[in-house]
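Have a look at the structure below before the remarks.
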Amino acid sequence: MDMDEEKCPECGANLVYDSEHGEILCESCGIVVEAVIDEGPEWREFEGDNKRRARTGPPRTVMRHDHGMGSQIDWKNRDASGRPLSPRSRRQMQRVRQWDRRTRFSKAADRNLAYALLELDRMGSSLGLPRSVRESAAHVYRQALAKNLIRGRSIEGVVASCLYGACRMCSVPRTLDEIAQTGRIGRKEIGRIYRFLARELKLRTVPTSPEDYVGRFCSELKLSSKVQRRANDLLRTAAERELVSGRGPTGVAAAGIYIASILCGERRTQREVADVAGVTEVTVRNRYKELCERLGIEVVV
DNA sequence: AAGACGAAAGTGGTTGA
DNA sequence: TCAACAACTTTCGTCTT
């Protein structure tokens, strides 16, 4: 805006300077065009060459999201000298207030998002997640933010839940425990927030299948792709015979890998498999027993 | 000695009244 | 909201390699 212009931008009338209130306002409609906020002393800073001229303003405060640097707009429909505003300028003030609210809110949202994305990146790289998964997590977070679902929940918790959901949506699931290890948020809380987000945002997630874990677990166990394929075949036929429903997918995956590793002559101990799958030997044993029984597999030791 | 096995009791989460 | 319930864990003793 060109401040040399001496006309009111709203009605085109002349502007006057109100020395008592320190404002430049329109003599006809009373709208404040420019306000001198700080009546106190004005310092200038000359550092080296006088190219940099910084002006000081009111002290900043950390108590407000914008450090107190935002503008404040009165709610009263009075002009600077206390007269009621004309209907026209009342409408104008409504619009100004509305925009003030909007930018105030969007600033807060920006800060929230900036912090969240930082956190998301940190957790994501700590989990070794590919870019596509992080992006989809960020997308979920933006949706949650837009729908005001963050309020009352920790940003870290929501970020963790978004990552968990994104992993599932991309069919590269991580367990709640794995996600929880990257931050200060517990497994229970992440699960709770995730369920909430899934319901509110109608996230389209299918139940996790054991096969989704096979690749990762196998590579952590340094097993060949032959074992990996064998395990997947095994689990697929197991799924067809409804051996999988109701069981924890990681446990089933672990058992499948355990069997496949024996069948392919690359045996791993129950403990090793159980550890990477985040279950106990006992669970591996139980699943493994069931699979052998129902699939008619005879494991020769 | 290490791994595998299984029984028994305990834990946390889901479900249905 | 509470109790029943299934899956899973913890613990521990025994058997096998």
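Chain naming here is simple, since letters A, B, ... match the order of the sequence lines and numbering starts at 1 in each.
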Heavy-atom contacts under 4.0 Å between residues 269-281 of chain A and DNA chain C, which residues?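 Under 4.0 Å from DNA chain C: A:G278, A:V279, A:T280.
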Heavy atoms within less than 4.0 Å of DNA chain B: which residues of residues 190-201 of chain A have one? Give them sorted by number.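 By residue number: A:R195.
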Please list all pairs meeting ring pair (Phe, Tyr, Trp, His ring centres under 6.0 Å) that have one or both residues in [range], counting only residues at least two apart or in different chains.
range	result
residues 252-278 of chain A	A:Y258-A:Y288
residues 113-156 of chain A	none
residues 198-227 of chain A	A:Y213-A:F217

Anything under 3.5 Å between a donor and an acceptor, one on a side chain of residues 185-195 of chain A, the other on a protein residue two or more places apart or in another chain? List them.
residue: A:R187; atom: NE; partner: A:D177; partner atom: OD1; Å: 3.3
residue: A:Y194; atom: OH; partner: A:T205; partner atom: OG1; Å: 3.4

With A:T175 via side chain to side chain donor-acceptor pair (under 3.5 Å) - residues at least two apart: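 A:T175 satisfies side chain to side chain donor-acceptor pair (under 3.5 Å) with A:E178 only.
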Report all interatomic pairs (protein N or O, nucleotide N or O of nucleotides 8-11 of chain B) with separations under 3.5 Å.
none

Rounded to the Å, how far apart are A:K188 NZ and B:dT14 C1'?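 Those two atoms, NZ and C1', are 14 Å apart.
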With a 4.5 Å cut-off on side-chain heavy atoms, are A:S261 and A:L221 touching?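 They are not in contact (no side-chain heavy atoms under 4.5 Å apart), so the answer is no.
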Using a 4.5 Å cut-off on heavy atoms from C-beta on, say whether the side chain of A:V172 contacts that of A:D212.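 Answer no - side chains too far apart.
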Results of side-chain contact (heavy atoms from CB on, under 4.5 Å) for A:Q181 - residues two or more places apart only: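 Not a single residue meets the side-chain contact (heavy atoms from CB on, under 4.5 Å) criterion with A:Q181.
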Choose from B:dG6, B:dA4, B:dC5 the nucleotide whose nearest atom is closest to any side-chain atom of A:R267.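 Minimum distance to the A:R267 side chain belongs to B:dA4.
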Closest to the A:R285 side chain, choosing from B:dA4, C:dA7, B:dG6: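 When the side chain of A:R285 is considered, B:dG6 is the closest of B:dA4, C:dA7, B:dG6.
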Going by the salt bridge (charged side-chain N to carboxylate O under 4.0 Å, His left out) test, which pairs reach into residues 127-145 of chain A, not counting sequence neighbours?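 Passing the test, one end in residues 127-145 of chain A: A:D121-A:R134, A:R131-A:E135.
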Show me the pairs that pass salt bridge (charged side-chain N to carboxylate O under 4.0 Å, His left out) and involve residues 225-235 of chain A, at least two apart or across chains.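 Applying salt bridge (charged side-chain N to carboxylate O under 4.0 Å, His left out) to every pair that reaches into residues 225-235 of chain A, excluding sequence neighbours, yields A:D233-A:R236.
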Which stems, defined as runs of 3 or more consecutive Watson-Crick or G-U wobble pairs with both pairing distances under 3.5 Å, involve DNA chain C?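 Stem list for DNA chain C: B:1-11 with C:7-17, B:13-17 with C:1-5.
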